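Shown next, in structure tokens, is the structure this report addresses.
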Number of protein chains: 4
Amino acid sequence: MCERLLYVKGEFTLDSSTVTRRERRAEARRTQILSAAAAVFSRKGYERATTREIAAAADLAEGTLYNYFTNKRDLLIGVAQNYADEVTQAISQSQAEDLDGLVAQLIANRFRHRQERRLFMLFMQEAHLNQDVYQYYVQEALARIIHNTEQLIEQAIEAGKMRPVDPGIAARTISAAIMGFSVMFEFSDALWDGLKRKDGHPITADWLGEQVADLFLHGLEK
Amino acid sequence: MCERLLYVKGEFTLDSSTVTRRERRAEARRTQILSAAAAVFSRKGYERATTREIAAAADLAEGTLYNYFTNKRDLLIGVAQNYADEVTQAISQSQAEDLDGLVAQLIANRFRHRQERRLFMLFMQEAHLNQDVYQYYVQEALARIIHNTEQLIEQAIEAGKMRPVDPGIAARTISAAIMGFSVMFEFSDALWDGLKRKDGHPITADWLGEQVADLFLHGLEK
Amino acid sequence: MCERLLYVKGEFTLDSSTVTRRERRAEARRTQILSAAAAVFSRKGYERATTREIAAAADLAEGTLYNYFTNKRDLLIGVAQNYADEVTQAISQSQAEDLDGLVAQLIANRFRHRQERRLFMLFMQEAHLNQDVYQYYVQEALARIIHNTEQLIEQAIEAGKMRPVDPGIAARTISAAIMGFSVMFEFSDALWDGLKRKDGHPITADWLGEQVADLFLHGLEK
Amino acid sequence: MCERLLYVKGEFTLDSSTVTRRERRAEARRTQILSAAAAVFSRKGYERATTREIAAAADLAEGTLYNYFTNKRDLLIGVAQNYADEVTQAISQSQAEDLDGLVAQLIANRFRHRQERRLFMLFMQEAHLNQDVYQYYVQEALARIIHNTEQLIEQAIEAGKMRPVDPGIAARTISAAIMGFSVMFEFSDALWDGLKRKDGHPITADWLGEQVADLFLHGLEK
DNA sequence: AATGAATGAGACTTCATTCAT
DNA sequence: TATGAATGAAGTCTCATTCAT
């Protein structure tokens with residue numbers, strides 16, 4: 001196998017990039033497959049999604065999937081893991097200056113895209129039936145989101161910006177509202193039809209965020 | 001078909017009351033089947049539920065299901081319809097005296113049972129793929145719940161009990177939170193673990209309802 | 001379900017033959033399928049036999065096989081069980097008067113048909129990989145054959161017809177020879193080609209039986 | 001292909017000895033692969049053995065197998081050929097002085113190792129479906145063993161050591177017993193359990209050989 | 001109307017073989 | 001020549017639906 005012997009910087013060496021190139025290729029394939037799987041799963045749900053369709057979406061033969069994932073369920077786990085990673089990363093990067101910004105950001109940042117919202121619902125369903133999805137998605141991602149929100153609220157209370165509500169309840173209520181909105185957004189036509197602004201302006205995401213943030217900050221009562 | 005031929009009062013006759021009895025019988029069968037289907041669907045999801053399992057749960061043969069429903073999907077639609085009816089009925093009966101009671105009731109009354117929560121999630125998933133489920137569940141039930149909540153809030157505002165928030169936004173936010181909680185309850189272990197009461201008492205549903213109602217009424221801000 | 005109500009011998013009764021007929025039908029199907037499976041397995045071996053081919057041989061749809069057997073392996077077990085039953089039955093019925101007849105019968109009666117010989121080899125192969133085949137075929141059938149032969153030899157020794165050889169060894173040697181012959185018969189062309197009778201007569205099964213019996217009875221040595 | 005260009009004694013040259021070395025190398029590879037294939041085939045059978053597993057056992061990549069053998073079946077033929085060669089060689093070297101030794105050697109020398117016994121059964125199965133296996137194994141090896149045994153018996157008869165039995169029958173009966181024993185050995189537990197020595201000593205291969213030889217030499221009859 | 005055996009389309013998965021590197 | 005990722009044909013098995021009883 002002489003191809004691997006390279007004369008680099010004055011000495012012969014075993015070209016490490018050979019290994020790396022293959023590894024990079026494999027990693028690219030995994031990503032390619034998971035991306036296709038995420039798309040099909042979010043569109044069809046787990047059971048209705050077929051490996052044939054996922055393979056087609058990834059522009060690969062069906063058998064190739066099984067060089068990277070042991071079975072269909074493993075694909076779902078992979079998607080869940082990927083997604084949990086993204087969420088975790090997004091959390092660690094988020095920074096909010098003031099209270100309004102904090103709540104608005106919480107409302108706005110989660111489940112922004114249709115695929116994310118669909119996957120959220122998918123994982124919720126599958127978590128019952130799959131230990132790994134439960135672990136990777138619910139425990140790692142959702143629990144982390146809630147915990148993170150809880151800490152932000154605690155800090156706000158300590159800083160005297162919020163009244164001393166129970167941070168656990170508050171964090172869970174806000175998270176629940178976000179999750180619920182993400183479900184509702186999927187059915188915009190029916191569930192948002194009745195909504196109208198008093199000032200007659202069209203409804204925008206920003207206005208929505210403001211309104212909800214206002215509600216959570218100041219409450220309903222006069 | 002011997003049921004039609006009755007020996008009554010000394011002569012054979014085509015009993016006209018048979019039709020009515022048969023109709024009642026048929027209605028009872030439908031109910032029996034839908035109840036079984038709801039149980040199995042909520043436990044397994046639509047695709048994983050098998051007609052065999054539903055038939056077994058209904059204590060009937062598989063073939064019998066097809067005397068009352070044209071196919072498996074029709075069963076789901078039936079369950080959605082049934083459920084939408086129940087929700088509608090529940091709404092029309094609900095009455096709340098004061099503001100605290102209103103919010104607490106909203107929080108507490110929806111998705112109280114595991115099966116309801118699961119069916120909610122199921123319908124959400126299936127609504128994408130099924131026009132009928134969308135219509136019967138999302139449009140008829142969910143939209144009605146939101147609309148109803150909106151009206152209650154409007155009345156509270158008019159009565160001067162609430163500050164003049166946008167009732168549409170408020171109703172949807174509360175509904176979203178309820179939906180989100182119903183999802184969260186399914187994953188109690190992981191998502192409720194961190195929660196602790198300051199006074200050290202154990203967490204109860206009532207306390208939770210109070211806390212969330214307080215949050216929605218008075219807001220986060222000091 | 002009025003069809004089941006029969007007026008028999010002066011009273012109404014739940015027709016028990018309804019159950020029986022169905023059971024008979026089911027038993028017939030099992031037999032039909034096992035017969036087809038035995039034929040295909042003996043021709044192709046376990047792995048090369050396809051459920052499609054077995055179903056075709058049984059003149060049934062592929063799916064129907066699975067109403068009677070849980071999987072392909074279960075079919076093999078069924079065939080092995082069936083075969084073991086036959087062998088056991090055959091043993092319990094066999095009777096031999098004198099020593100020559102005994103040995104000749106042992107030689108002649110086992111593995112007479114091609115399918116039996118093939119199945120014997122098949123079970124031998126599969127017994128390594130399948131606990132059930134091992135149990136049903138090797139333990140129940142083969143061990144029983146050997147044990148039975150051992151007893152016949154013991155009786156012959158006690159009756160003074162045989163010299164006091166070890167009955168266990170003798171029974172196993174004869175059984176081994178029978179097994180070996182059954183394998184050889186499969187390759188008649190190559191392995192029997194060289195064989196010629198001194199008297200020029202053609203080779204027959206009877207002559208063969210006689211010769212082998214003579215060998216086992218009187219030995220090689222002068 | 002850098003292997004062909006050699007820098008020898010001051011100049012680049014197409015080394016003519018390379019061909020020989022390459023041939024030796026290729027032969028070594030073939031042996032290495034066949035050895036691995038024999039091991040895997042004997043353990044799993046032909047169909048259940050995978051090229052992946054054979055390649056792993058040979059410490060090579062799957063693709064490499066196809067540089068030396070055209071397909072999986074060709075591997076089986078190679079193993080059969082190899083084995084037939086070994087048998088032929090073993091026969092030509094075997095020498096027995098007296099009658100007891102002859103029979104004992106026949107009994108003892110074939111199928112001594114588990115792998116040999118398994119391969120024997122494998123080839124028997126596959127010979128039906130594969131002309132080449134039939135030719136190489138059955139015709140070349142088995143027929144040769146029988147023929148060789150036949151000759152030895154003929155010599156013994158001519159030398160007056162054996163009574164004038166039919167040598168063809170005798171050779172085939174002994175061979176059949178050996179084959180049968182080789183099958184039985186695979187199922188030692190069930191088929192050897194009942195066996196006990198009168199003198200109470202444990203059962204050994206030597207004692208077994210003696211007993212069987214005695215049986216074949218002196219027969220059963222008193 | 002009730003039954004449940006029969007059906008066969010279609011799903012997931014394996015694996016011998018090819019081929020670019 | 002060696003590699004192993006890619007391929008896709010083919011296998012087993014499930015399950016919604018039909019239909020004779």
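Every heavy atom of this structure was used, including side-chain atoms; hydrogens, water molecules and symmetry mates were not. Residue numbering restarts at 1 for every chain, and letters A, B, ... go by the order of the sequence lines. Since the model is a prediction, treat every value here as computed from it, not as a measurement.
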OP1 or OP2 of F:dA16 less than 4.0 angstrom from a side-chain nitrogen or oxygen of B:T51, does that happen here? yes
Side-chain N,O (B:R52) to OP1/OP2 (F:dT14) below 4.0 Å: no
For atom CZ of C:R73, is the number of surrounding heavy atoms from other residues, nucleotides or ligands below 6.0 Å larger than 12? yes
What orientation do C:Y137 and C:Y83 show, parallel under 30°, tilted 30 to 60°, or perpendicular over 60°? parallel
Please give, in whole Å, the distance from E:dA5 P to C:I33 CD1? 12 Å
Looking at A:R48 and B:E126, is there a salt bridge between them, counting it only when a charged N and a carboxylate O are closer than 4.0 Å? yes
Using whole Å, report how far CZ of A:R48 lies from C1' of E:dG10. 15 Å
With a 6.0 Å cut-off (strictly less than), is the heavy-atom count around CZ of A:R52, excluding the residue itself, greater than 12? no
May I have the distance from A:E47 (atom CD) to F:dA16 (atom P), rounded to whole angstrom? 11 Å
Which part of the nucleic acid, if any, lies within reach of D:A49 when heavy atoms closer than 4.0 Å are counted: base, sugar-phosphate only, or nothing? sugar-phosphate
Whole-Å gap separating P (E:dC12) and NZ (A:K44): 11 Å
Starting from C1' on E:dG8, measure out to CG on C:D59 and report it in whole angstrom. 15 Å
Side-chain donor/acceptor of D:T31 to backbone N/O of D:E27, under 3.5 Å: yes
Between B:E62 and A:T50, name the one whose nearest nucleotide on DNA chain E is closer to the 5' end. B:E62
Heavy-atom donor-acceptor pair, C:S42 side chain to C:A38 backbone, under 3.5 Å: yes
Using Watson-Crick or G-U wobble pairs with both distances under 3.5 Å, give me DNA chain E in dot-bracket, 5' to 3', with [ ] for crossers and | for pairs to another strand. .||||||||||||||||||||
Can you check whether A:T64 has a side-chain N or O nearer than 4.0 Å to OP1 or OP2 of F:dA5? no
Residues within residues 65-77 of chain A bordering DNA chain F, heavy-atom distance below 4.0 Å: A:N67, A:Y68
Contacts satisfying ring-ring contact (aromatic ring centres under 6.0 Å, His included) that involve residues 57-80 of chain A (not counting sequence neighbours) are none
Whole angstrom value for the distance that separates P of F:dG4 from CZ of A:R29: 16 Å
5' priority, DNA chain F, between C:G63 and A:G63 [closest heavy atom]: A:G63
Side-chain N or O of D:R25 closer than 4.0 Å to phosphate OP1/OP2 of F:dA2: yes
Check for a donor-acceptor pair, side chain of D:K72 on one end and backbone N or O of D:Y46 on the other, with a separation under 3.5 Å. yes
Using atom CD1 of C:I54 as one end and atom P of E:dA6 as the other, report the distance to the nearest whole Å. 17 Å
Within the side chain of C:Q32, is there an N or O that forms a donor-acceptor pair under 3.5 Å with the backbone of C:A58? yes
Grab the CZ-C1' distance between C:R30 and E:dA6 for me, whole Å please. 17 Å
When you check the side-chain N and O atoms of A:R118 and A:Q115, is any donor under 3.5 Å from an acceptor? no
